[in-house]
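Below is one structure, written out as structure tokens, with a few remarks after it.
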Protein chains: 2
Amino acid sequence: MDLFVSKYINKIDKKGRVSLPSSFRNILPKANRNEIILYKSIKTPSIEGCGVGRLNEIAKRINNLDFFSEDYDDFSTSIFSEIITTNIDKEGRFLIPEELKIYADIKTEAAFFGQGHYFQIWEPKKGLKNTEDSRRRLLKEKKSLRMILTQQK
Amino acid sequence: MDLFVSKYINKIDKKGRVSLPSSFRNILPKANRNEIILYKSIKTPSIEGCGVGRLNEIAKRINNLDFFSEDYDDFSTSIFSEIITTNIDKEGRFLIPEELKIYADIKTEAAFFGQGHYFQIWEPKKGLKNTEDSRRRLLKEKKSLRMILTQQK
DNA sequence: CACATACCCATTGACGCCCATATATTCCCA
DNA sequence: TGGGAATATATGGGCGTCAATGGGTATGTG
């Protein structure tokens, strides 16, 4: 398994530390298992995160843009300056930067939601509500989950 | 991690010294960890900086411009002749040359913005506003940040 | 000599590293 | 196969180290 899946709710201790779910840690490449990157989700009041490996891919893509164009600066600023790297201690815990906690309204507990190649961190109640809303939207639009889950390639 | 990421706001002391964020220092090659280059950003009222090694990369990019265009001379002049090297002391601090401080309107605090292979130094309020503006431009143009952040190769 | 800057030392708070415990899970063997 | 032991995970807390900051003094250069 090399995808972030499932959801977990973990406590944030006095020092502000929170455990990255074990199954998430195991997905990080052994080489960089003690570092992740975090950034504000664009569409939701949540934090998104993933291993640092993805950062290099992003850098490569941005570097391919015209260096003297406006886009280059916009992407570079919006992405690199907004990304925060944080270290994972030997027990598998990390610190959520204050700014991101405020953005996601996270206080004493953090809910982790696997999203495949990345994961989201929510204030638990908001996160669960978002899950329900998502599912409801899907069904409403008659996009059959069943179809997606059971169809053959 | 070998990229300049995140943002930091540091104070400038009476002597004009300011700490280069620790994570930025660690990116500089051990060989030249006590020296960086600074120059005026071409498109914004900010200072750009990087390790001395990056000079070659800048030269390459300018060389890729049409040699006979006006841009070539302009960029070449604007950048190379304006580059200033400055030393980093044992505590990780350096002096921002007066001319650059004036150009960026920096007085008592300096905001450092990671930009991947280089970084920018802004007057804090202006820098934060610039980040917001960048993001707004990107979203407005429906250029999906999310795609860059999460897509697979 | 005056000013700027490099070098040295000190302080504070944040963070990393280490150890400890409780609960849950897996493993192994009788 | 049942039960106890070993292991893993989430969580709590002590303490040393480092980053950011402040300031004194030496060095140096015009």
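Letters A, B, ... are given to chains in the order of the sequence lines, protein chains preceding strands, and every chain is numbered from 1. Quantities reported herein were computed from a predicted structural model and do not represent experimental measurements.
- Residue B:F119 is not grouped with residue B:Y103 when hydrophobic side chains (ILVMFWY) are merged at heavy-atom distances under 4.5 angstrom, including chains of intermediate members.
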Revision key, fill the gap. Letter by letter from the 5' end, nucleotides 17-30 of chain D scores (B base, S sugar-phosphate only, - none; protein heavy atoms under 4.0 Å) --SSBBBBB-----

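- Rounded to an integer number of Å, the gap from A:D89 CG to D:dA10 P is 12 Å.
- For an aromatic pair to be called close, the ring centres must be under 6.0 Å apart, and A:F24 with A:F4 satisfies this.
- Rounded to 10 degrees, the angle between the two end axes of the helix from C:dC1-D:dG30 to C:dA30-D:dT1 is 40°, with five pairs used at each end.
- Rounding to whole angstrom units, NZ of residue A:K90 and P of C:dC19 are separated by 6 Å.
- At least one donor-acceptor pair under 3.5 Å links the side chain of A:N10 to the backbone N or O of A:S19.
- Taking B:K129 as the reference, B:D133 meet the salt bridge (Lys or Arg N to Asp or Glu O under 4.0 Å) condition, with sequence neighbours excluded.
- Between the side chains of A:S81 and B:Q115, no donor-acceptor pair is found at a separation under 3.5 Å.
- Atom NZ of A:K7 sits in a sparse spot, with 12 or fewer heavy atoms from other residues, nucleotides or ligands closer than 6.0 Å.
- Counting any heavy atom pair closer than 4.0 Å across all strands shown, B:N87 reaches no nucleic acid atom.
- Other residues, nucleotides and ligands contribute only 12 or fewer heavy atoms inside 6.0 Å of the NZ atom of B:K11.
- Summarising the geometry, the separation between CG on A:L95 and C1' on C:dG13 is reported as 14 Å, rounded to the nearest angstrom.
- Between the CG atom in A:L38 and the CD atom in A:Q120 there is a gap of 12.5 Å [rounded to 0.5 Å].
- Rounded to whole Å, the distance from NZ on A:K7 to P on D:dA10 is 16 Å.
- Between the CD1 atom of B:I88 and the P atom of C:dC7 there is a distance of 13 Å, given to the nearest Å.
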